[in-house]
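This report refers to the structure that appears directly beneath it.
Residue numbers begin at 1 in each chain, while the letters A, B, ... track the order of the sequences. Just so it is clear, the values below take in all heavy atoms, side chains as well, and ignore hydrogens, waters and symmetry mates.
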Amino acid sequence: MSETPENEIPKQYNPAAAQEKWSAYWDEKGLFTPKSGGLTPPGSPFCIVIPPPNVTGALHLGHALNNTLQDIVIRMKRMQGFDTLWIPGVDHAGIATQAVVERKLFEEEKLTRHDIGREALVKRIWDWKEKYQERIIEQLKAMGCSCDWSRTRFTLDEVCAKAVRHFFFKLFKEGKIYRGKRLVNWDTHLQTAVSDDEVFHETVAGNFWYIKYKICIEEWAECQENYAQKLEECEGEKLSAKGRELIAEYRKEITDFKQQNNLDPGYVVVATTRPETMLGDTAVAVHPDPEAALDKAIENCKQKLANASEKEITEIQAELDAIEQRKTDGTLDWLKIFAELAKTGWHVTLPLLNKKIPLVLDEWAKPEKGTGCVKITPAHDPNDYEVGLRHDLPFVNILNKDGTLNDNAGTYEGLTVKQARAKVVADLEAAGLLVKVEEREIELAHSDRSKTPIEPFLNDQWFVKMDELAQAAIDAVARHPRASGELEEQVDCLGSRLRGNDDIIQIIPHRYTKGYVDWLSEKRDWPIGRQLWWGHRIPIWYCEASGEKRVESDEFLRKAFAGRDDVIWQLDTEKNVWRICSQTEDLNEDAIPGCKIKQEEDVLDTWFSSALWPHSTLGWPDDTPELQRYYPTGVLITNRDILTLWVARMVLAGKFNTGKKPFNEVYIHPKILDKYGEGMSKSKGNGIDPISIINKFGADALRFALAYLTTENQDIRLSLDFECPHCGAVVEQTKKNRTSVKIQCTQCKKYFLTQWARDYSEQLSPEDRSLPEGTMTGERFEVARNFCNKLWNAARFVLMNLEPFTKEKSKEAEALSPAKEFLEDKWILSRLATVTKNVTDDIENYRFADAMRQLYDFAWDDFCSFYIEISKNRLNDETTKERVQFVLVHVLTSLIRLLHPVMPFVTEDIYQRLLETKFWQQNGYDTNVPSLAIARFPESHEELISPIIEKQFAIFQELLRAVRDVRASRNVPPKTEITFSVRCDEATAELLEPMKQYFLSMAKAKATAFGPAVQSPALVSVVPLTGMDVFVDLSDLIDVKAETAKLEKEIAKLDGFISSKEAKLNSDFVNKAPAQVVEGERKSLAELQTQRQSAAEALAKLKEVKP
RNA sequence: GGGCGAUUAGCUCAGUUGGUUAGAGCGUCUGGUUUACACCCAGAAGGUCACAGGUUCGAAUCCUGUAUCGCCCACCA
C-alpha cells in the first residue's frame, strides 16, 4: 500500500457516514435475528420486548432514552454470548390515535367521524398508523437499535388479535368478565368512556349556585300534625335561642298555612357548581346527625390548626370560624329540622321540572360544606351514585352520548350542557329560586384525549373482575428491598437481588414497588370497553332472547354450536339477550338458525392488548418455540408513568394466561424533562425528535449523553435550543416558539423550519417548504459528541502507529504478561481490568450513569491523556515498540467492546478499520468475527488489578501535575526546558527513574535526580507533596517576590490543616475512633508537618536571595 | 389529604456501607498550531453541601422538624 493510513482516516468522526454504512451492514448480516434452524443456538436466551410506542406520532427524546437503555442491555447481553432477541413493535393506542385522526379530519375537512362512517374512519386511521409506524421504525433504526425487525409487531395485527381473543374468551369462560351499568367518565367529544387514568383535573373559573328546593306542600298538609309534634320534641331538646326563634317562625308559617292553605311552607337550599344536573336529581340529602358531624368537623379542624405551619394558620382559622358559626347562626338548627323531615319521609319539589323527590338521610351530606344539604344526581356524579345505591333512588340520565340533554330534561332537551346551564340558571332566577351566586375556582375533570370536560355518565360497560387477577400480580413482585432484613426468604444470603427466581419479579429501583402494590390492592374492576372504532372489537355477539322459550333455555344455542368448545354464552337477564363469546372466529349474522345476531359495537381498552405484549409477541396462545425459549423475558425497561396501567396489567395477564411472570425484572428509568422541568409530550410541543439530535451530533452522541444522565433517582433535564442553519446562531427554545413549524433567527433574521414541519407540512406555503431545517443543540450532546471524537482520534492514533510492525510471531498474551516491567503498562491494564469489572456490573444493575462515567474517564484521562502520551516515546524506540503496540491495540479493542453497547456506530467503524490492518491479520487476532456487535464483551482480567501499581502511577501523575503547574503559574515559555529534582525515599526514586523520559516529553521538564539525598538548589520553586519535595530549578526565571508570596500562602494553608488535625488528635477522637483511622490521621499530620517544613526551608532560602 | 423524589460551584449534575483537604462537564480566567484530536492540550479560580435541631470522636451522608421545587394517587355539592 502506497498510501499511509493517515490519509484515509479523517480527523473528525463522521457520524452520518458510519451510521448509514453500519446499519446496512448489520441488517445484511442479520446479526439481530436469532439464528434460524430450531431456535437453539448456543447461549442462554435473553429477550426484551419493546414498550410499544403509540402510533399517535413520532418518537421524542423520552423514547430515545427508553430505547437506548434497552439497546445497551441487549447489545451487552448479545456480546456476552446470550441468545438475544429484542422484539420491536408499536401500539395502536385506541383513544389517542383515533382522537388525533379525528381532530385532523375536523381541522382539515370539517368532518366528524359520523360523517364518514366506521369503515372510512378506520381506514384513515390505518393510513395514519402506516405512516407513523414507518417513521417510528426509522427513528429506532437511526438510533441504532438492535431489534429483530423481522418480528415487528403491532397490537392490532393478527398475532396480537389472536391472543386478545383467547384472553377475552378465557376470562369470559371463568366468569371474570361482566357487563354492568356504571358511572363512567364520558368524553362527549370523542363519545366514549375513558378510564380514570385518562382523566386530568384542571382549575377553571366557575360559579357556585345556591338553589331553593321547595318542601312539598301536599306532603306538608298531610303530615302537618305529625310535623308539629316533631317540632315540639325538637324544642324540648337543647336548641339555641336562634333555633327557638326559627321554630317559632316555622310554627307561625304552619299556622298561616293552615289558614291560607297556599303559603310557601319553606325550602331547602342546596349549592352546586353544575346547576344543569339538577334536572337529573332524584333526592336531596341531609346528614342524619348534623350536630355530631359538625362537632367532628370542628374537632378535625382544630387538630389541623394545632399542627399547622404559620402560613396555613390564617386559612384554617377562617375555616374553623366558618364552621363554628354554623352552630349559632341557625344553619345547624335548620339541618336538624331537615333531618327530622327526612326521617319522616318528606319530599321536596325539584324546581323547573316540578318533580317530587325525597329528602334522604345520608352521611355524604356534610354539614360543614356548602349549605349542609346536597342535591343527589345519581346518574351524573360518582358520590351521588353511591348515595343512589344506598337509598335505592332512581338513576335519571339526562344526557345523550354527544353531550346534549335528552328527553329526561324536559324542555331542556337538545341543549348542550353549557346552554342548559345558562337556561337553567336563568329560569331559576326568574322563578325566584336562585338564592345567590358565588364565584369559585373549580377543579374540572377533563379528558386527556380530547382535552374537553368530562361528564360523568351512566352507561353499560364491560368489566374485568380484578380480585384474583390483581392478587396474583401483587404476589408476583418482590416486596422488600435487598438486604432489608425483612422476609429473608426473598433475599439471598449475599443480600443481592434474587435473579432467575421462578416467581418473583424485581422492580428496580425498588421504591416503585409500593405504588404498584398500592394500586393493585384497590382491586378496582377494570372497565375494558371503549365506545370507539379503532381497536379490537369485543368478541361478543348478541342474540335477542325474544320468545319465552329462548329466555328460559339455551337449547337452540347448544344446537347451533354443537361440538364447538370455542363458543360460550351467557344470558343477560336484564335485557333478555344472549351474550355469545367466540374465541377464534367472528360469527356470522345467521350463525344461529332463525335468529339474527349482532356483534358488540365497543372495542377493547388499549391496555387489554398491551397487557399481553410479552407473550402475544412470542406467539401465545400457540405453544411456539419462541414462547418456550424466550418467555419469561429478561427485563422490561420502561417509564414510571405506566407502571400500573401497563406493567401491572402485563403481570396479571401473563400470570393468568401462561401461569408465569412475563419478565424477571422491571427497570424504571428517569423521565426526560425540558429546560422548564416539564415532561416531554407531543401536545406541549416540547418533545424533541431524536433525529434532530442525530443530525447534528450523531446517534452515538445521543445515546451516550442519555445513558450518561441516567442516574437512579434524578429525572433528566435537558436544555435544548435551536441552531440557525443559516448563520449558526443559537436561537433559544421558548414555550412560545417550541410548537412553531417555522422560526425566525434572532441573529440573521432569516427563517428556518423546525421538526414540526415534518408533521405539519400542509401548514407551510410552497416557498416555506424549501427552507432548511434548524437542528437542536444542547450542551450535554456536545459533550457526548466530543467524546465520540476523542475516541475516534485515539483509534486514529493507534491505527497510524501499527505499521511497520515486527513480523516475528508475537502473541498478545505474551506481550501482556507481567514479566516485562513497564509501570505504565501494568497501570493501564490494571485500570482496564477494574473498569471492565465495574462497567459490566453497573450495566447489569442498570447503573448506566456510573458505567458511562467510568468509560468516559478511563478513555479520556487514563488512555488518552496518559497512556497514549507515554506511548509516543516508546513507539519511537524499536526495542519497546512492539510491546506498546500490543498494549495499545489490546486496550483500544477492549475499550471499543465496552463502549459498543452504548456507541455502536463509532466503535464498529473503528473495529472494521482494525480488521483491515496487517497488524491485526498477521498477529494471530481473530478475523472471523465480522462485526463488533457479536464480538465478545470483555471479561475482566482481575488478576491484573493492582492497587499498588495504581497508587505508584498516581505518584507519577501527581508529580507531573506539580511540575506542569510550576511551569504554568510561573509563565515559563512553552518551549523552554526546565529541570527539577525530587527528594523522596528510595522506593519512590526507583519507581520514578524509568519515568524520566516522560517528564521530558509530557512537561518539557528534565529530571536531574530522585532520592533521599537530593538537596534544594538555591533558586527553586518548591512543591511539597505527599512524601516528596519537588524542586524546580528556576534560576533564570524566578520572581522572588511572587514565589515568596506563594510559599507563604502555602504555609498558611498547611498551618490551618495542621492545627485542625492536632485538635482532632487531642480530642476524644483517639479513644473512640477505630485504631486504623487514628493511625491514618497521625500519619497525615506527620506528612503535613514535613510538607510545612520543606516549605519553610524553601522560604528561608528565598529570603536570603535579595532581588 | 396520602405517597415518592429532590435541594451540593455561575449552570447541569456525581458523591457507593458516616472517616484525610466534597468531585466532573459546561461556563469563566491564564497559557498553548507539542505530527491522534482546537469537537484539542496544560493549568487556575470558584462550594457554610436549602435551613434548624439531634445522634456520633467524626455528618453532604443517619434521625427529627422547617422551607422550597417536582411528580404520582385520591378528593373537593
Quiz item: Is S719(A) touching bases, backbone alone, or none of the nucleic acid, heavy atoms closer than 4.0 Å?
Solution: nothing
Quiz item: For K366(A), which contact category applies under a 4.0 Å heavy-atom criterion: base, sugar-phosphate, or nothing?
Solution: base
Practice problem: Look at E712(A) together with R847(A) and state whether they make a salt bridge at an N to O cut-off of under 4.0 Å. | Solution: no
Quiz item: Counting any heavy atom closer than 4.0 Å, what does R717(A) reach on the DNA or RNA strands: base, sugar-phosphate only, or nothing?
Solution: sugar-phosphate
Would you list the protein and nucleotides 6-10 of chain B atom pairs, both N or O, that sit under 3.5 Å from each other?
unit_1, atom_1, unit_2, atom_2, d
A6(B), OP1, N713(A), ND2, 2.9

Practice problem: Name all residues meeting the ring pair (Phe, Tyr, Trp, His ring centres under 6.0 Å) criterion together with Y210(A); count only those two or more places apart in sequence or in a different chain, and write none if there are none. | Solution: F208(A)
Self-check item: Members of residues 1077-1089 of chain A that approach RNA chain B, where some heavy atom sits under 4.0 Å away
Solution: V1077(A), E1081(A), S1084(A), L1088(A)
Quiz item: RNA chain B in dot-bracket, Watson-Crick or G-U pairs under 3.5 Å, [ ] crossing, | other strand?
Solution: (((((((..((((.....[...)))).(((((.......))))).....(((((..]....))))))))))))....
Quiz item: For W209(A), which contact category applies under a 4.0 Å heavy-atom criterion: base, sugar-phosphate, or nothing?
Solution: nothing
Self-check item: Selection residues 777-787 of chain A - residue pairs positive for salt bridge (charged side-chain N to carboxylate O under 4.0 Å, His left out), sequence neighbours left out
Solution: none
Quiz item: With the sugar-phosphate defined as primed atoms, P, OP1 and OP2, and the base as all remaining atoms, what B/S/- string results for nucleotides 22-29 of chain B, 5' to 3', for protein heavy atoms under 4.0 Å?
Solution: ---BS---
Self-check item: Closest nucleotide among G43(B), C57(B), C39(B) to the K1072(A) side chain
Solution: C57(B)
